[in-house]
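Reviewing the structure listed below.
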Number of protein chains: 2
Amino acid sequence: MVALPSGVLGALDSTSDRAVFRQIADQLREAIDKGRFKEGAKLPSESELVEHYGVSRMTVRNALSVLQGEGLVHSEHGKGVFVRPRPPVRRLASDRFARRHREQGKSAFTVEAEAAGSRPEVDSLEVKEERPTQDVSARLGGPRRVLARRRRYLLDGRPVEFAASFLPLDLARNTPIAQPNPGPGGIYARLEELGHRLDHFEEEIRARMPSPAEIRTLRLASGVPVIHLIRTAFDTEGRPVEVCDTVMAADAYVLAYQLPAT
Amino acid sequence: MVALPSGVLGALDSTSDRAVFRQIADQLREAIDKGRFKEGAKLPSESELVEHYGVSRMTVRNALSVLQGEGLVHSEHGKGVFVRPRPPVRRLASDRFARRHREQGKSAFTVEAEAAGSRPEVDSLEVKEERPTQDVSARLGGPRRVLARRRRYLLDGRPVEFAASFLPLDLARNTPIAQPNPGPGGIYARLEELGHRLDHFEEEIRARMPSPAEIRTLRLASGVPVIHLIRTAFDTEGRPVEVCDTVMAADAYVLAYQLPAT
DNA sequence: CCCCCCTACTCGTATAGACGAGTGGCTGAG
DNA sequence: CTCAGCCACTCGTCTATACGAGTAGGGGGG
């Protein structure tokens with residue numbers, strides 16, 4: 001039992017009607033915000049906090065779970081509770097699907113990651129035909145069956161994004177799009193080669209807390225929301241040719257859009 | 001102590017190495033997902049769950065706090081724990097700043113809300129001159145002082161969004177922009193009247209858990225992230241003329257963008 | 001010198017109990 | 001019949017204790 005670093009944490013206000021565990025959480029949060037605990041630094045252990053505040057361990061754990069829910073700290077069994085480092089963010093520009101970017105052989109993800117000095121990976125590649133969900137079917141104009149392409153993206157070994165593309169079967173079957181690796185420029189380049197000249201994309205963005213499955217797939221820490229992006233690609237005839245459903249770890253991304261003012 | 005509705009919740013698997021509170025959370029989550037507890041419905045009380053599973057109350061509370069952190073349920077002191085209803089979402093189209101929308105007298109928020117049958121409100125209106133944060137200053141090209149316009153938006157009495165606009169002082173001082181109500185079409189219409197013809201907007205989107213202040217301002221339930229949007233408006237000379245920092249309750253919004261494929 | 005094991009420390013899970021405070025329905029007095 | 005007050009039920013907070021399991025470091029044996 002080592003004494004706490006002096007002066008970092010104050011005392012409780014017993015006259016306050018604010019719950020004790022909230023007061024403790026407040027003090028820890030303030031100390032983190034002010035940099036008295038730096039990114040990645042270890043907080044005092046639960047038993048040290050019990051000692052310092054003179055409360056029971058459950059109260060301390062309650063306070064820590066508040067901070068964990070806010071995404072400020074994460075705990076490691078057997079080691080301690082640490083201030084969550086802000087991971088480097090990956091920035092998605094709205095022109096990343098511009099035609100000129102489809103020339104080179106690599107995928108947008110690979111190019112952007114390497115430009116940022118990170119090691120990109122793609123796994124969980126799955127390509128199969130299936131019945132679409134009601135939502136996907138509606139967005140694609142009601143096909144009974146679709147080609148689904150699922151993959152997970154990782155940066156430096158950390159999963160950051162899970163995406164599923166859906167294309168009408170009549171359009172994708174027996175084409176390079178149905179191959180695990182569709183070739184340079186990705187499926188958008190193949191679609192254009194097949195005569196479906198792309199006209200525009202529609203993107204819908206939501207943010208929410210992850211499902212248990214998403215927590216597993218993206219290895220999300222608690223307190224990290226996901227960004228849910230649904231993109232629909234339209235060809236020049238106004239036909240929807242692809243729906244891409246993407247779930248991203250929110251702490252790894254900034255989305256950037258440029259809009260005309262006209 | 002009333003018996004549980006039969007068959008809704010199963011038994012624990014004592015051979016599993018999954019923690020008991022997680023198993024309970026799993027069963028409740030599944031029951032909610034499958035609609036056996038509907039939106040707004042009351043879950044069994046803590047003591048009923050204690051009875052049903054034969055565990056201590058803290059274990060049950062632990063399970064419930066998992067679901068609360070996921071945003072699936074919310075508790076009401078003295079009443080019970082309820083399945084969180086999905087609130088109606090407000091859809092923000094990417095053309096909502098198009099020039100043609102600036103003709104009518106009402107603000108975009110008011111028009112859209114009334115079209116959706118909701119009662120819009122704006123409060124916490126504050127207009128003042130101040131020193132910008134480093135980030136805002138950098139985005140605006142480095143002014144020492146800015147005009148800040150802060151306001152909160154509510155739908156049917158529920159706060160959904162808190163926004164702060166920042167404009168360089170030399171541009172906004174002693175203009176209608178410095179008035180609490182800048183007039184029909186909002187500050188973008190005034191900017192154009194002042195000769196700053198708008199060219200394009202840049203938007204950055206992040207998602208994260210709210211700070212305690214944001215929880216208060218937006219009266220957020222636990223397990224609801226926020227969408228943080230930073231928009232910069234540029235005039236035809238390429239000068240940034242406004243930065244708008246917006247924090248939205250994520251469960252109230254879907255952002256929609258349309259992107260050209262060129 | 002190296003490696004294994006023990007130990008002390010960490011957090012994870014769970015029990016049992018206590019009191020407080022908000023809610024809503026029932027009951028008895030008026 | 002009305003209404004005030006009681007009471008049972010709800011969740012909120014806190015204490016005290018126990019054991020399990022992951023981690024890291026030191027010490028002792030090979």
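To find a chain, count down the sequence lines: A is the first, B the second, and so on, and within it residues start at 1. Heavy-atom basis, side chains included; hydrogens, waters and symmetry copies ignored.
- In this structure, A:Met58 atom CE and C:dA18 atom P are separated by 18 Å, rounded to whole Å.
- Taking atom CG of A:Leu49 as the reference point, atom C1' of C:dC9 lies 15 Å away to the nearest angstrom.
- One interatomic measurement links the two molecules: CZ of A:Phe82 to C1' of C:dC9, which rounds to 12 Å at whole-angstrom precision.
- Salt bridge B:Arg158/B:Glu121: absent, no basic N to carboxylate O contact under 4.0 Å.
- To the nearest 0.5 Å, the span separating CZ on B:Arg22 from CD on B:Gln27 amounts to 15.0 Å.
- Which of D:dG12, D:dC14, C:dG12 sits closest to the side chain of A:Ser56 comes down to D:dC14.
- Looking at A:Arg119 and A:Glu114, no side-chain N of the basic residue comes within less than 4.0 Å of a carboxylate O on the acidic one, giving no salt bridge.
- Neither OP1 nor OP2 of C:dT13 sits under 4.0 Å from any side-chain N or O of B:Thr59.
- Salt bridge present: A:Arg29 and A:Glu70 bring a charged side-chain N and a carboxylate O closer than 4.0 Å.
- Considering only side-chain atoms of A:Ser47, the nucleotide from D:dT13, C:dA14, C:dT10 that sits closest is C:dT10.
- The distance between atom CG of B:Asn62 and atom C1' of C:dA14, rounded to the nearest whole Å, is 9 Å.
- Between the side chain of B:Arg22 and the base of C:dG12, no donor-acceptor pair under 3.5 Å is found.
- In this structure, the CG atom of A:Leu43 is 13 Å from the C1' atom of C:dC11, given to the nearest Å.
- Atoms CD (A:Glu51) and C1' (C:dT10) sit 16 Å apart, rounded to a whole Å.
- Between C:dT10 and A:Ser45, a contact under 4.0 Å exists linking OP1 or OP2 to a side-chain N or O.
- In the set D:dT13, C:dG20, C:dT10, D:dT13 carries the atom at the smallest distance from any side-chain atom of A:Phe21.
- Side-chain nitrogen and oxygen atoms of A:Lys79 include none within less than 4.0 Å of the OP1 or OP2 phosphate oxygen of D:dG22.
- The distance between atom NZ of A:Lys42 and atom P of C:dT10, rounded to the nearest whole Å, is 6 Å.
- Between B:Glu204 and B:Arg206 there is a salt bridge, since at least one side-chain N of the basic residue sits less than 4.0 Å from a carboxylate O of the acidic one.
- Taking every side-chain heavy atom of A:Glu48 into account, C:dT10 is the closest of D:dT13, D:dT10, C:dT10.
- At whole-Å resolution of the value, CZ in B:Arg61 and C1' in C:dA14 are 15 Å apart.
- Each of A:Arg57 and A:Gly54 was matched to the nucleotide of DNA chain D holding its nearest heavy atom; the match closer to the 5' end belongs to A:Gly54.
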